[in-house]
Amino acid sequence: MSHLDIHAYLAEFEDIPGTRVFTAARARQGYHLNQFAMSLMKPENRERFKADERGYLDEWAISEEAKQAVLARDYNALLDIGGNIYFLSKLFSTDGIAFAQAVSTMTDMSWPEYRQMMLDGGRSPEGVRSIREGR
Amino acid sequence: MSHLDIHAYLAEFEDIPGTRVFTAARARQGYHLNQFAMSLMKPENRERFKADERGYLDEWAISEEAKQAVLARDYNALLDIGGNIYFLSKLFSTDGIAFAQAVSTMTDMSWPEYRQMMLDGGRSPEGVRSIREGR
Amino acid sequence: MARITAGVGSSHVPLLGVAHDQGKERDDYFGPIFAGYDWTREWEKQEKPDVVILVYNDHASAFDMRFIPTFAIGCGERYKPADEGWGPRKVPDVIGHPDLAWHIAQSLILDEFDMTIINEMDVDHGLTVPLSMMFGACEAWPTTVIPLAVNVVTYPPPSGNRCWALGEAIARAVESFPEDLNVQIWGTGGMSHQLQGARAGLINPEWDNRFLDLLEAEDDAVRHIPHIEYLRETGSEGIEMVMWLIMRGALGHKVKTLHRHYHVPCSNTAIGHIVLEPNT
Amino acid sequence: MARITAGVGSSHVPLLGVAHDQGKERDDYFGPIFAGYDWTREWEKQEKPDVVILVYNDHASAFDMRFIPTFAIGCGERYKPADEGWGPRKVPDVIGHPDLAWHIAQSLILDEFDMTIINEMDVDHGLTVPLSMMFGACEAWPTTVIPLAVNVVTYPPPSGNRCWALGEAIARAVESFPEDLNVQIWGTGGMSHQLQGARAGLINPEWDNRFLDLLEAEDDAVRHIPHIEYLRETGSEGIEMVMWLIMRGALGHKVKTLHRHYHVPCSNTAIGHIVLEPNT
Ligand SMILES: [Fe+3]
Ligand SMILES: [Fe+3]
């Protein structure tokens with residue numbers, strides 16, 4: 001075994017452009033937000049949420065900022081405050097939109113542009129591997 | 001690491017007198033019995049069980065043999081069919097009897113005799129370590 | 001004696017389940033993807049595995065943030081497809097193999113793997129999509145399944161080295177099971193994909209194919225790839241590929257490649273698929 | 001830098017909680033037991049630990065048969081006393097230390113321990129009884145706690161060797177935490193007891209005391225005691241002593257004994273208690 005240092009391990013994650021790795025810090029910050037999203041796996045909860053989004057959100061111990069970001073479906077903001085994409089995906093399906101379409105809203109592209117980029121082979125890793133090393 | 005053989009590991013457990021080790025085989029056999037016992041951690045379930053033991057038991061996927069053993073508080077029988085003592089202890093507390101008193105019912109002693117044995121230093125390991133080796 | 005006869009690697013993209021369930025397997029978009037599984041579907045009909053040890057990750061379906069097991073092995077009798085927000089997939093229940101599963105679980109714990117034993121859970125696309133890819137539509141899955149769920153969502157996931165070692169330990173456990181069973185092990189997830197943020201949609205075919213090459217290699221260099229390399233090179237969700245190392249570790253040093261397939265895109269993802277057999 | 005300043009071993013018999021809660025600590029039956037903790041209660045008042053890593057086992061309270069984690073670490077903010085069938089103990093809630101707990105959890109997973117992370121659970125007598133023994137009655141526990149739950153109910157539990165190694169890894173993790181914290185690690189459960197069947201009530205003071213001697217020793221021979229020896233010699237529930245090895249492994253090679261206590265009986269059980277400090 002290697003006895004890797006956790007601080008060095010975690011620090012590297014901050015060097016990836018446009019990416020939030022779901023570390024303990026994010027897991028803790030987003031705990032109740034993610035549990036809220038998970039609750040949408042139950043059809044009765046999806047119905048209650050759809051009928052009164054704000055009312056349903058108010059049942060959860062999440063910040064006003066998080067509630068606004070949910071209401072606005074601002075997924076980048078939700079990631080910034082500890083949302084995890086697999087939890088948030090329960091919100092995509094509640095909205096009835098495709099995973100890839102929801103993902104596209106986090107980029108600087110429209111959904112048709114994003115879809116075309118994927119058809120053309122996806123986003124190149126060139127230049128987005130490392131902030132520090134600019135590669 | 002030692003790469004112990006699980007068959008040899010498990011076989012030794014059968015060599016201990018008057019003892020059922022909670023192996024996978026027992027865990028599987030007693031699964032629903034133990035889940036039933038665990039349900040008695042909730043006060044409302046304890047009340048329901050006390051009001052109608054048989055009716056409550058019938059809600060669980062457990063054998064008639066197991067139900068009879070629960071009704072009779074035959075803990076040796078319950079251990080034989082996969083009950084685990086920590087799960088079954090929820091039944092002791094539902095009955096309001098002390099853990100040691102419930103345990104004494106599995107021995108060939110009365111509760112006062114068992115209690116006296118414990119005050120006198122407990123049961124000696126002499127002769128009850130191994131069936132095969134008679135020690 | 002039970003024996004591991006083959007290892008299968010495959011992406012488990014949820015959209016593949018949708019395509020399958022909606023009869024779109026041969027349309028322009030999905031045709032080239034599913035074509036790469038035709039060989040495997042025929043081969044599985046010949047192979048008729050008794051048990052598949054199916055390594056996958058739960059995507060916030062059975063496990064929420066309250067409990068996060070690193071390695072969880074399903075020892076239950078059966079598992080229902082999870083409702084991931086669209087209602088459960090209309091595919092058969094997954095039938096477990098508790099005899100072998102408990103045997104493996106017990107052996108792994110003796111072998112100093114700190115397993116979590118699971119007796120009841122629903123299984124999500126990570127497990128049911130590979131079954132659809134390998135077996136197509138069926139009334140009942142033609143094999144029993146031992147789910148092996150790996151945490152690759154909350155950091156850190158297990159190291160590649162640990163995953164490979166787990167595969168080796170699984171192989172020892174299977175070999176010590178007395179019943180004569182044809183056992184396959186599948187590693188699922190990957191390949192390149194990033195589902196979040198400004199870098200979403202990242203695809204790195206060169207890296208993915210090098211990873212497949214390393215799986216085919218005789219040495220075990222692939223186990224030492226650090227997490228950060230998966231993340232930088234293949235996107236944040238490319239980390240799922242560590243699960244393929246459990247499969248590969250279970251096959252022993254030398255393997256023979258029976259089939260290999262790679263395609264871009266499927267949804268946000270590159271599709272990779274490989275069929276290996278131990279070569280001793 | 002956080003540092004492990006001491007290790008404490010103690011039985012966690014539920015009846016001790018009852019005696020404490022009902023004010024019977026000094027009666028004829030319980031007096032000799034609690035007398036052996038007087039030294040420790042005074043010492044803890046001086047030591048004022050910031051965090052206790054409390055190794056214990058759940059007795060079918062937080063975990064039922066659906067999920068059985070081998071090693072589970074509590075990373076939550078607080079934990080309530082469990083209702084074990086008599087209503088919850090009227091003791092304070094247990095306050096966690098999520099910063100250090102997550103740091104340890106992450107470090108252990110990198111170090112190839114396959115931890116289950118727990119964010120919400122109730123804690124049973126295995127955890128709250130040692131707190132009462134070491135701190136007595138209080139409005140709020142005078143330390144934060146990181147629960148570390150070990151499966152010793154469903155077989156196999158982790159080997160003694162694995163437990164010791166986990167302790168070593170915990171020590172490395174604590175040392176790499178930047179904040180200056182006084183951390184203790186407690187191993188609980190044991191000593192001799194068998195709670196089931198014809199052999200119930202088994203007590204082996206010679207073996208128990210030899211085990212305490214081995215904990216005091218400079219070498220690590222104690223980690224190699226096989227499970228079957230605990231079972232044969234100390235009763236089926238004596239296996240709980242493997243949890244003391246996690247504590248002992250965290251203290252390094254040489255230790256100094258500050259306090260030691262042994263008494264028979266308490267309910268079905270022998271009471272053992274030891275306070276060790278690293279001696280480097
Ligand atoms: Fe996945
Ligand atoms: Fe205990």
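To find a chain, count down the sequence lines: A is the first, B the second, and so on, and within it residues start at 1.
- Counting heavy-atom pairs closer than 4.5 Å to chain D, the top-ranked of the candidates Met109(B), Lys90(B), Met117(B), Arg46(B) is Arg46(B).
- When side chains are defined from C-beta on, Gln35(B) counts as touching Arg66(D), because their heavy atoms get closer than 4.5 Å.
- Taking CZ of Arg199(D) as the start and CE of Met106(B) as the end, the distance is 13.5 Å to the nearest 0.5 Å.
- Heavy-atom pairs under 4.5 Å with chain B were tallied for Val18(D), Val153(D), Val264(D); the largest tally goes to Val153(D).
- Of the two parts of Ser159(D), neither the backbone nor the side chain holds a non-hydrogen atom closer than 4.5 Å to a non-hydrogen atom of chain B.
- Salt bridge annotation for Glu233(D)-Arg135(B): present, with a cationic side-chain nitrogen under 4.0 angstrom from a carboxylate oxygen.
- With Arg123(B) contributing its side chain and Ile203(D) its backbone, the two residues share no donor-acceptor pair below 3.5 Å.
- Note on Asn76(B), Val128(B), Thr94(B): by heavy-atom pairs under 4.5 Å with chain D, the leading option is Val128(B).
- At a threshold of 4.5 Å between non-hydrogen side-chain atoms, the residues Asn34(B) and Asp64(D) do not count as touching.
- Note that Arg115(B) lies in the cation-pi zone of Tyr29(D), set by a 6.0 Å cut-off to the ring centre and a 45° limit from the axis.
- Once rounded to the nearest 0.5 Å, the distance linking NE2 of His59(D) with CG of Asn84(B) reads 10.5 Å.
- Distance check: Met118(B) CE to Ser267(D) OG gives 7.5 Å after rounding to the nearest 0.5 Å.
- Proximity to chain B (any heavy atom under 4.5 Å) is shown, for Pro205(D), by neither the backbone nor the side chain.
- Taking the side chain as every heavy atom from C-beta outward, Arg232(D) and Ser130(B) approach each other to under 4.5 Å.
- Between Leu79(B) and Gly197(D) the shortest heavy-atom distance is CD1-N, 3.9 Å.
- Atom CZ of Arg260(D) has more than 12 heavy atoms from other residues, nucleotides or ligands within 6.0 Å.
- By number of non-hydrogen pairs under 4.5 angstrom with chain D, the leading residue of Val103(B), Asn45(B), Asp120(B) is Val103(B).
- For the atom pair CD (Glu12(B)) and CD (Glu229(D)), the distance works out to 11.0 Å, reported to the nearest 0.5 Å.
- Of the options Thr269(D), Asn268(D), Val13(D), a side chain to side chain contact (heavy atoms under 4.5 Å, CB included) to Phe99(B) is made by Asn268(D) and by none of the others.
- Contact record, Leu231(D) with Phe13(B): CD1-CE2, 3.2 Å, taken as the closest heavy-atom pair.
- Most heavy-atom pairs under 4.5 Å with chain B, from the set Thr234(D), Asn204(D), Ile68(D): that is Asn204(D).
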(message) What verdict does the side chain to side chain contact (heavy atoms under 4.5 Å, CB included) test give for Arg26(B) and Tyr155(D), after you've listed the backbone C-alpha separation in whole Å, the side-chain angles of each residue and the deciding distance to 0.1 Å?
(response) CA-CA 10 Å; Arg26(B) 290 198 174 85; Tyr155(D) 275 72; over 6 Å; no
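- Taking CE of Met38(B) as the reference point, atom OG of Ser61(D) lies at 6.0 Å (rounded to 0.5 Å).
- Heavy-atom contacts from other residues, nucleotides or ligands closer than 6.0 Å to CD of Glu53(B) number more than 12.
- Under the 3.5 Å distance criterion, with hydrogens and angles disregarded, no donor-acceptor pair is assigned to the side chains of Thr19(B) and Gln196(D).
- Panel note: side chain Lys42(B), backbone Asp83(D); no donor-acceptor pair is recorded below 3.5 Å.
- The choice from Gly96(B), Ser124(B), Ser93(B), Gly18(B) that makes the most heavy-atom pairs within less than 4.5 Å of chain D is Ser93(B).
- At most 12 heavy atoms of other shown residues, nucleotides or ligands fall within 6.0 angstrom of atom CG in Asp28(D).
- Heavy atoms of Leu119(B) lying under 4.5 Å from chain D belong to its backbone as well as its side chain.
- Within a 6.0 Å sphere centred on NE2 of His224(D), heavy atoms belonging to other residues, nucleotides or ligands number more than 12.
- The aromatic rings of Tyr9(B) and His227(D) lie perpendicular to each other, with more than 60° between the two planes, well past the 30° mark.
- The 12-atom threshold is exceeded at NZ of Lys67(B), counting heavy atoms of other residues, nucleotides or ligands nearer than 6.0 Å.
- A 4.5 Å side-chain heavy-atom check between Ile16(B) and Ile228(D) finds at least one atom pair inside the cut-off.
- Under the 3.5 Å distance criterion, with hydrogens and angles disregarded, no donor-acceptor pair is assigned to the side chains of Asp58(D) and Tyr86(B).
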